[in-house]
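Written below as structure tokens is the structure these notes are about.
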Amino acid sequence: MGKISKKKKAAYIAYIAVLFVFFYLPIVVCMIYSFNDSKSLTNWTGFSFRWYGQLINDGNVMKAVFVSVTIAIFATIISTALGTLTAIGLSKSRKILRQTVLNVNNIPIMMPDIVTAIGLMLLFSSVAMPRGYITMLLAHVAFCTPFVITSVYPKVRSLDPAIADAALDLGATPFQALMKVIIPMLKDGIFAGVLLAFTMSFDDFVISYFVTGNGVQNISIVVYNMTKRTNPTINALSTIVILVIAVALIVSKLIPAMMKRTVRFILGGMVVLLLGIAIFSGIQSGGRTLRIYNAGEYIDTKLLEDFEKAADCKVIYETFDSNESMYTKLKSGAQYDVLIPSDYMIERLIKEDMIQQINRSELKNADGLNPSLMGLSYDPNNEYSVPYFAGSVGILYDKTVVSEEDAEAGWNLLRNTKYKGNLYMYDSERDSFMVALKALGYSMNTTDEKEIKEAYQWLIDQRNTMDVVYAGDDVIDNMISGNKAIAVVYSGDAAYIMTENENLEYIEPKQGTNVWCDAMVITKECSDRDLAQAFMNFMLDPENAYKNSEYVGYTSPILSVAEELAEGEYEGISAYTPGFDGEKNEVFRYQEPKIKELFADLWTKVKAY
């Protein structure tokens with residue numbers, strides 16, 4: 001072959017450079033913004049170690065790191081041992097057995113993670129195995145082992161069988177031949193399997209999310225919950241993980257002798273595992289335990305520590321990403337004491353007899369509850385629920401772009417072509433249809449198919465004329481950064497955003513809106529009713545309620561606290577109006593399957609363009 005011309009060489013180098021920039025620029029940006037003083041993930045306001053300090057002081061994140069590392073270490077050890085021995089055994093097996101096992105081994109590799117996750121969840125539920133550290137470990141071993149077999153088996157097939165026979169002829173026992181002859185010759189394949197198993201275990205989210213319980217969360221689950229709200233500690237955590245991996249790679253290259261300490265590393269991992277089991281298995285010797293299930297990023301976790309001290313108990317706190325996923329997990333057999341679902345889901349839980357009545361005489365702090373949050377349609381006699389947070393859905397707009405006169409149009413502002421391409425709609429089926437139904441003057445809980453189809457057409461026309469962008473929780477950072485002028489948001493998110501961008505204003509449209517109330521309920525399976533009600537009373541204490549609202553940003557159910565907050569930075573973000581459950585402002589009701597299916601089908605058509 002002739003020499004490569006300078007021009008081609010330069011083009012090749014440029015191509016490689018662009019490729020590296022594409023791969024590593026997002027990582028560099030993440031690391032830079034981990035030192036950003038602002039809450040925004042993209043708007044730089046100054047250099048600060050603020051988020052590193054918050055990360056270190058966040059007990060949940062530190063526990064998650066511990067769980068991730070110990071699970072990954074032990075899952076790697078077990079799966080590597082199982083995979084290596086299986087690969088060696090297959091090389092000595094008959095062809096039919098070998099091919100059958102290899103084909104079965106390929107199934108979990110090719111199968112989507114969600115299928116494996118659901119299968120493992122059902123397995124653990126069917127054998128009534130409490131979900132937690134052990135179930136997560138077993139699940140990780142199950143899905144890592146096939147990858148180890150795939151890495152080691154080709155190396156086994158390339159070995160000369162006569163080598164092992166020669167070792168036996170020279171007086172080695174079968175175990176000595178395995179450990180001192182065969183395994184050293186397989187070290188490249190085994191090492192590849194170790195790296196693959198550790199990486200997959202440390203990185204896994206889907207399987208871990210479905211098989212865990214008792215408050216055991218790995219880094220992936222914690223980060224997923226963080227993404228529900230803008231949380232820059234994600235950048236700090238990611239930066240630390242990146243630096244640790246980079247240092248480990250550099251050290252392994254510069255000091256190859258460290259590889260000889262693998263045995264010590266394995267023994268150390270086993271010790272850490274035993275410590276992890278003791279801490280995270282959820283087994284308590286005496287003492288009281290309260291199991292709480294709440295939405296992600298929806299409580300000041302320091303309050304949980306305060307309650308543990310006040311009630312001399314342990315709190316096992318888990319989070320969900322939606323009311324529907326919470327309901328699914330309950331149906332799968334997961335057990336909790338206190339749930340914090342939304343209004344329409346509470347109505348469903350009552351209908352299905354999944355929660356129990358509350359003894360309100362034990363809730364001394366309930367006297368301070370806002371009267372407008374009582375007697376709502378989902379629990380008219382306040383027998384099953386205690387308000388936790390309230391809020392509304394409204395319009396957040398940039399006062400420097402949108403005129404006050406245009407904003408007065410309410411939901412019709414979202415059809416004003418003057419702001420084409422400058423609008424975020426919330427990517428939510430029920431909330432988007434609520435907007436359309438309210439704009440048309442209908443109830444958002446309508447079951448009239450004609451009205452529902454009119455709302456569908458309203459959304460189609462909006463989509464076609466406004467160049468609308470459907471956004472989820474990413475709307476928070478986008479509005480802080482001023483990427484668009486108008487967005488449909490929840491009131492608590494609006495409060496959070498407005499503290500970072502003074503040009504924004506929030507309104508509840510005059511046509512009416514969804515005003516919601518999330519509440520605390522006690523499950524039928526609650527193991528300590530008195531402790532559950534003590535927690536409810538603790539969260540209703542004005543001082544604790546203030547801390548919680550200040551941290552999360554949503555309207556407190558305690559009237560005095562809501563009024564105090566509204567006088568400060570949350571002014572105008574109040575949903576405790578007299579018409580809370582009236583004709584215009586409504587609470588979502590539980591949808592019957594037929595109506596829910598109709599909305600889902602029409603929403604799919606709205607998004608399909």
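Residues take their numbers from the sequence shown, with the count starting at 1.
The ring of Y378 has its center no closer than 6.0 angstrom to the ring center of W516. Between F538 and F307, the distance separating the two ring centers is shorter than 6.0 angstrom.
Salt-bridge check for K596 with E592: failed, with every basic side-chain N at 4.0 Å or more from each acidic carboxylate O. A salt bridge between K607 and D427 is present, with a side-chain N of the basic residue lying under 4.0 Å from a carboxylate O of the acidic one. A salt bridge links E352 with R348; the closest basic N to acidic carboxylate O contact falls under 4.0 Å. Note on K329 versus E318: salt bridge recorded, some NZ/NE/NH1/NH2 to OD/OE distance being below 4.0 Å. Using a 4.0 Å cut-off between charged side-chain N and carboxylate O, K547 and D300 make no salt bridge. Looking at R288 and D312, no side-chain N of the basic residue comes within less than 4.0 Å of a carboxylate O on the acidic one, giving no salt bridge.
At least one side-chain heavy atom of Q591 sits under 4.5 Å from a side-chain heavy atom of F599. L186 places a side-chain heavy atom less than 4.5 Å from the side chain of I88. Within the 4.5 Å cutoff, side-chain heavy atoms of Y344 are placed close to those of N323. Contact of the V101 side chain with the L97 side chain is registered, since non-hydrogen atoms from C-beta on lie closer than 4.5 Å. By the 4.5 Å heavy-atom criterion applied to side chains, F389 and C517 are not counted as neighbours. Inter-residue side-chain proximity for R360 and N382 is flagged as met; some heavy-atom pair is nearer than 4.5 Å. Residues I221 and T212 form a side-chain contact, since some pair of their non-hydrogen atoms from C-beta on lies under 4.5 Å apart. A heavy-atom distance below 4.5 Å is found between the side chains of I219 and V65.
A distance of 10.5 Å separates CD1 of I109 from OG1 of T145, quoted to the nearest 0.5 Å. Here I71 contributes atom CD1 and S208 contributes atom OG; the two are 7.5 Å apart, rounded to the nearest 0.5 Å. To the nearest 0.5 angstrom, L290 atom CG is 6.0 Å from C313 atom SG. Rounding to the nearest 0.5 angstrom, the gap separating the CG atom in N548 from the CE atom in M539 is 4.0 Å. Distance CG/L339 to CG/L349: 6.5 Å, rounded to 0.5 Å. We find the CD1-CG distance between I358 and D379 to be 7.5 Å, quoted to the nearest 0.5 Å.
Under the 3.5 Å distance criterion, the side-chain polar atoms of E347 are matched with a main-chain donor or acceptor of Y590. The backbone N or O of N359 sits less than 3.5 Å from a side-chain atom of Q533, completing a donor-acceptor pair. Here the side chain of T233 pairs no donor or acceptor atom with the backbone of A236 at under 3.5 angstrom. The backbone N or O of D204 sits less than 3.5 Å from a side-chain atom of S220, completing a donor-acceptor pair. At least one donor-acceptor pair under 3.5 Å links the side chain of N365 to the backbone N or O of N537. Side-chain atoms of S158 come within 3.5 Å of backbone N or O of K155 as a donor-acceptor pair. Side-chain N or O atoms of S125 include none that pairs as donor or acceptor with a backbone N or O of L122 at under 3.5 Å.
The nearest pair of heavy atoms linking Y388 to I340 is CD2-CG2, 3.5 Å. Between I207 and D113, the closest heavy-atom pair is CG1-O, 3.9 Å. In this structure, D337 and C526 approach most closely via the heavy-atom pair OD1-CA, 3.2 Å. The two residues A295 and Y317 have their closest heavy-atom pair at O-OH, 3.8 Å. Between F202 and S68, the closest heavy-atom pair is CE1-CB, 3.8 Å. Scanning all heavy atoms of the two residues, the minimum distance from S377 to R589 falls at OG-CD, 3.3 Å.
Ring orientation note: the planes of Y224 and F205 are tilted relative to one another, at an angle of 30° to 60°. Ring geometry, Y293 versus Y336: the interplanar angle falls under 30°, so the pair is classed parallel (tilted spans 30 to 60°).
Judged by distance alone, the side chains of D518 and Y554 never bring a donor and an acceptor atom under 3.5 Å apart. There is no side-chain donor-acceptor pair under 3.5 Å between T76 and H140. When only modelled atom types and interatomic distance are considered, Q335 and E525 share no side-chain donor-acceptor pair under 3.5 Å. Donor-acceptor pairing under 3.5 Å is lacking for the side chains of N294 and T319. A donor and an acceptor atom, one from each side chain of T199 and D203, are nowhere located under 3.5 Å apart.
Around the NZ atom of K594, the shell of radius 6.0 Å holds no more than 12 heavy atoms that belong to other residues, nucleotides or ligands. Heavy-atom contacts from other residues, nucleotides or ligands closer than 6.0 Å to CD of E308 number more than 12.
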For I522 and M536, run side chain to side chain contact (heavy atoms under 4.5 Å, CB included): C-alpha distance rounded to whole Å, both residues' side-chain angles, the deciding distance at 0.1 Å, then the answer.
CA-CA 10 Å; I522 302 176; M536 291 179 170; 3.4 Å; yes
Go through Y426 and Y490 one step at a time and tell me if the ring-ring contact (aromatic ring centres under 6.0 Å, His included) criterion holds.
CA-CA 9 Å; Y426 201 72; Y490 291 110; 5.1 Å; yes
Worked check of side chain to side chain donor-acceptor pair (under 3.5 Å) between T70 and Y133
CA-CA 10 Å; T70 56; Y133 192 96; 2.7 Å; yes
